[in-house]
Amino acid sequence: MSESAPAGAPAPPPAPPPAALGPARRTGAVRLLLRHPLGLASGAVLAAVVLAVLLAPVLSPAEPGVSSLRDAFGGPAAGHPLGFDSAGRDIVARLLHGGRNTLGGAVIALVVALALGVPSGLLAGYYGGWFDSAASWAVNLVMALPAMVVLLASRAILGPTVWVLMVVLGFLVAPAFFRLVRGIVASVRNELYVDAAKVSGLRDRRIVARHVLIVVRAPIIIQVALVSGIAIGLQAGLEFLGIGSGDTPTWGAMLNEAFKNIQRAPLLMLWPGLALGLTSGALVLLAAALRDVLEDRGAAPAARRRRTGPTTITAPRSAGACAGLLSVRDLAVSYALPGGGEREVVHGVDLDVRAGEIVGLVGESGSGKTQTAFSILGILPEGGRVCRGSVTVEGEEIVGMPERRHRELRGNVVAYVPQEPMSNLDPAFTIGSQLVEPMRCKLRISKAEATRRALELLRLVEIADPRRTFASYPHEISGGMAQRVLIAGAMSCDPRLLIADEPTTALDVRVQAEVLGLLRRLQRERDLGVLLVTHNLGVVADLCDRVAVMKQGRIVETGTAEQVLHAPQDPYTRKLLGAVLDHVPARRPWQPSNAEVS
Amino acid sequence: MLSFIARRTAAGAVLLFVISFLSYTLLSIPDIDVGRQLLGQGASQDLVDARNAALGLDRPTAVQYLDWLTHSLRGDFGTSWFSGEDVTRAIVNRLPVTVSLMIGVTLVTAVLAFLLGVWAGVRRGAVDRFVQVFAVVGYALPGFLVTLVIVLVFAVHLRWFPAIGYVGLTESFTGWLSTVTLPIASLAVGSVAGVAQQVRGSVIDVMRQDYVRTLRARGLPPWRIVFRHVVRNASAPALAVLGMQFVGMLGGAVLVEQIFGLPGIGSMTVNYTTRGDIPVIMALVVFSVTGVIVINLVVDILIGWLNPKARIT
């Protein structure tokens with residue numbers, strides 16, 4: 001940690017104990033901050049300002065209060081690089097000394113706010129109870145107060161001393177720390193590792209010091225930078241109104257004076273304005289850089305949007321190969337990496353679904369099943385793309401197809417049933433409007449007609465009271481109901497191919513059986529092709545005609561359900577089967593979701 | 001819904017009561033000899049005492065507060081100690097200036113911040129970086145510094161708008177517009193920056209939600225998903241931030257009205273508050289806290305309308 005201390009920062013302690021994780025981590029953060037261009041620039045500006053202000057008595061070319069009216073509004077002269085203000089005082093001297101008062105005031109406000117906000121936030125967040133209620137109420141009270149009015153009134157009560165006003169300002173901004181700390185601590189309190197610490201008999205004080213403080217430290221540092229900026233701004237605003245401490249030079253008072261002479265010498269505003277703007281700007285930018293460094297260390301800078309990229313469509317398809325409803329050949333999916341370059345997650349998958357057939361796509365979490373399903377639908381998340389291969393739906397190639405055309409296929413030809421029912425319904429709209437909207441868009445039918453069809457669909461998916469469900473919001477119905485609604489939504493525009501991504505994983509066992517029964521019935525009645533993504537071999541045994549087993553982005557085995565389940569060829573399939581059959585009698589085909597294979 | 005509004009109003013009344021009591025008590029601590037200040041050093045002590053008695057200042061603070069409370073509940077905030085003006089009338093006369101400023105800023109903020117935030121959150125890339133730089137700079141600079149720069153450029157240098165003064169809306173619309181444009185623009189820079197940042201963040205969050213993917217899978221056009229579903233879901237947090245900006249705007253109005261010489265509540269605050277004119281300060285505190293409470297209530301009702309889960313029955 002020796003090479004990392006920046007010139008302006010305090011030297012690290014001489015001999016840190018080797019096991020001290022804290023300092024080592026902090027040094028790492030400082031080093032990262034110095035490598036962050038924004039952090040380096042804003043840190044350098046701040047360091048320069050602080051240094052200049054601290055050394056004001058040495059650097060200052062003149063006394064800040066000495067005026068000579070002969071020099072009023074005078075330009076730069078020897079020994080007075082920035083010239084003189086309206087009273088003939090040296091601008092550099094006033095800037096340096098003014099900075100002392102402005103920054104000093106902000107430091108006072110900050111210390112008061114930290115001293116009040118952080119401990120009370122810790123207590124309120126960790127213990128909750130009456131203290132939490134009382135403190136939160138007081139904080140709401142303070143936040144309802146307009147700061148400027150309170151500060152002006154405080155001046156009437158407490159007299160025109162900036163330092164005292166800054167203590168009041170500290171009170172007013174303390175809620176910023178209280179709310180931050182309380183929120184984080186309250187959420188950490190219920191974390192498992194805190195429970196574990198409690199169970200193992202650690203005292204509260206130790207838990208707070210070891211586990212809780214570490215979590216709130218980074219957010220507090222960021223907040224300090226933000227609040228300092230606000231405090232400096234408010235303080236300068238007060239000074240600007242001319243209610244500071246009379247003759248004391250501050251940046252706000254300098255601006256006030258310059259504003260009075262705005263017609264005569266508009267340039268007088270430049271230097272104090274620049275000092276104030278640079279300092280507060282640097283603080284906010286530093287906060288942004290700190291957030292990057294402390295919070296999402298190593299996280300991606302916003303992934304670049306990419307629509308195009310070299311996509312190899314393997315082998316032009318002969319008519320014979322396109323006989324199926326869905327045909328996937330050598331499909332590869334890759335994701336953009338934060339530092340540039342790509343990582344392939346699906347490596348050349350082949351898959352076929354014929355009309356009226358249910359094909360299971362099995363494999364453990366992370367094997368690329370869902371990525372395969374998303375690429376067929378054309379809804380890969382940001383940064384992901386099909387980088388190779390071919391996907392045809394009813395003979396039409398969709399890799400490289402214009403987005404507009406692909407969109408026409410979605411809903412009408414290929415439909416999607418997601419895994420998690422509740423999070424896949426828009427919470428702000430009724431079930432009815434979410435069913436009606438796509439039908440009106442895709443089928444171009446009237447609202448009345450779409451409503452009639454929606455109610456019919458709800459009946460089709462065996463919902464007892466379609467009208468009531470139609471008028472409900474997603475949070476008012478159960479998970480099983482929501483999944484039926486999503487199936488109804490998928491069926492609404494009469495698709496030919498249904499892609500169901502773990503449609504029963506999030507449901508409890510009894511509802512799973514019902515939803516699977518519903519899927520099978522719809523598939524038979526409408527002669528649908530279904531690609532069923534699942535990790536549950538029970539579901540496969542119950543429902544699927546054919547199965548493809550996927551492992552680490554590759555298909556390792558395909559065959560009829562009977563072949564794969566009874567005479568697996570690949571060792572991985574055997575392992576999967578072994579994991580299931582060990583626990584479950586063959587007559588109970590599906591598994592609760594937590595019996596995931598390892 | 002009605003019971004929610006009733007409950008919130010009651011809570012607001014309690015808050016107002018507590019704040020008014022605390023303010024009155026704190027303001028009474030310094031024990032300014034108002035009679036002496038009004039009559040000057042030359043006046044005899046008897047005259048000063050008589051003047052203080054006439055203002056009711058010879059009574060204990062608690063009695064004075066109760067007196068103030070009973071009068072203010074009837075809408076009578078008394079007369080200013082130092083100017084003798086009727087406080088209620090003075091505030092009502094100045095309110096339209098500040099309120100029109102606030103409404104202007106809120107409208108400008110709502111429109112611009114949503115456009116910028118949605119644009120940045122959906123398009124990302126260069127647009128996003130531009131909006132973020134604007135948001136950081138707009139947020140970082142102290143409001144009055146932005147105002148000074150705006151005055152310098154648009155009033156002093158370009159002379160497009162007057163640097164100072166106010167024309168009532170009822171006198172001349174164009175006159176009013178030319179006098180409030182710069183003040184509104186000055187206040188809007190900070191609030192647009194803050195709200196746009198929030199809109200951008202929540203748009204990005206909502207775009208990553210499962211239901212947006214499902215809507216795409218249903219084949220809906222992207223603009224429809226953005227303007228119907230994403231914007232609606234992203235609005236609630238943005239509205240909350242807009243509500244919080246309002247409290248800051250009250251402080252900003254003080255500076256902006258002072259700089260542009262607008263005869264509003266803000267400049268009144270500066271002129272009267274610093275002298276410890278309790279009747280005026282109390283009325284200002286009551287008006288501004290009421291404003292904050294009302295805005296918070298409106299924001300919560302709007303959020304409930306946007307987000308059925310938080311809807312109050």
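Lettering of chains follows the sequences in order, A, B, ..., and the numbering in each one begins at 1. Computed from heavy atoms alone, side chains included, the values below leave out hydrogens, waters and symmetry copies.
Closest of all the heavy-atom pairs between B:Arg216 and A:Gly378 is NH2-O, 3.6 Å. Among all heavy-atom pairs drawn from B:Val18 and A:Leu141, the shortest one is CG1-CD1, 3.8 Å. When all heavy atoms are compared, the tightest approach of A:Pro438 to B:Leu220 is CA-CD2, 3.7 Å. Residues A:Gly277 and B:Leu141 approach most closely at CA-CD2, 3.7 Å, considering heavy atoms.
Proximity to chain B is absent for every atom of A:Ala288, based on heavy atoms less than 4.5 angstrom apart. If you measure heavy-atom distances from A:Ala282 to chain B, you find no contacts under 4.5 Å at all. For chain B, no part of A:Leu151 is nearby; none of its heavy atoms comes within less than 4.5 Å. For chain B, no part of A:Leu274 is nearby; none of its heavy atoms comes within less than 4.5 Å. For a residue to count as touching a neighbouring chain, one of its non-hydrogen atoms must lie under 4.5 Å from one of that chain's; by this rule B:Ile278 does not touch chain A.
Proximity of B:Tyr139 to A:Ile230: side-chain heavy atoms (C-beta onward) are separated by under 4.5 Å at one or more points. Within the 4.5 Å cutoff, the side chain of A:Pro427 has heavy atoms near those of the B:Tyr211 side chain. Using a 4.5 Å cut-off on side-chain heavy atoms (C-beta onward), B:Phe144 and A:Leu238 make no contact. Side-chain contact between A:Pro381 and B:Met207 is absent, with no heavy atoms from C-beta onward closer than 4.5 Å.
With B:Asp210 as the partner, the side chain to side chain contact (heavy atoms under 4.5 Å, CB included) test is satisfied by one option alone out of A:Leu425, A:Asn424, A:Asp426: A:Asn424.
Considering only residues two or more places apart in sequence or on other chains, B:Arg218 meets the salt bridge (charged side-chain N to carboxylate O under 4.0 Å, His left out) condition with none of them. With sequence neighbours left out, the ring-ring contact (aromatic ring centres under 6.0 Å, His included) criterion links B:Phe161 to no other residue.
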Begin from the C-alpha positions of B:Leu15 and A:Asn140 and carry the test side-chain contact (heavy atoms from CB on, under 4.5 Å) through to its verdict. CA-CA 9 Å; B:Leu15 187 71; A:Asn140 284 339; 5.7 Å; no

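Among the candidates B:Pro142, B:Gly266, B:Gly219, the residue making the largest number of heavy-atom pairs closer than 4.5 Å to chain A is B:Gly219. Per-residue heavy-atom pair counts under 4.5 Å with chain A were compared for B:Gln258, B:Arg208, B:Gln209, B:Arg213, and the maximum is reached by B:Arg213. Chain A forms more heavy-atom pairs under 4.5 Å with one residue of B:Gly291, B:Gly252, B:Pro222 than with any other, namely B:Pro222. With chain B as the partner, the residue from A:Gly229, A:Ala415, A:Ala490 showing the most heavy-atom pairs under 4.5 Å is A:Ala490. Your options are A:Pro418, A:Ala236, A:Gly281, and the one with the most heavy-atom pairs under 4.5 Å with chain B is A:Ala236. Each of B:Val146, B:Ile259, B:Ile295 has some count of heavy-atom pairs under 4.5 Å with chain A, and the biggest count is that of B:Ile259. By number of non-hydrogen pairs under 4.5 angstrom with chain A, the leading residue of B:Ile19, B:Val289, B:Leu250 is B:Ile19. Ranked by non-hydrogen atom pairs under 4.5 Å with chain A, the options B:Ile281, B:Val136, B:Val206, B:Leu148 are led by B:Leu148. The residue among A:Leu152, A:Val284, A:Leu276 with the most heavy atom pairs within less than 4.5 Å of chain B is A:Leu152.
The line from CG of B:Leu145 to OG of A:Ser280 is 7.0 Å long, rounded to the nearest 0.5 Å. Remark: A:Phe259 CZ to B:Thr147 OG1 distance equals 9.0 Å, nearest 0.5 Å.
By the 6.0 Å contact criterion, CZ on A:Arg444 is open, its count of non-hydrogen atoms from other residues, nucleotides or ligands being 12 or less. More than 12 non-hydrogen atoms from other residues, nucleotides or ligands lie less than 6.0 angstrom from CZ of B:Phe82. Around atom CZ of A:Arg407, more than 12 heavy atoms belonging to other residues, nucleotides or ligands sit under 6.0 Å away.
Side-chain contact check for A:Glu437 and B:His229: at least one donor-acceptor pair (N or O, by modelled atom type) lies under 3.5 Å.
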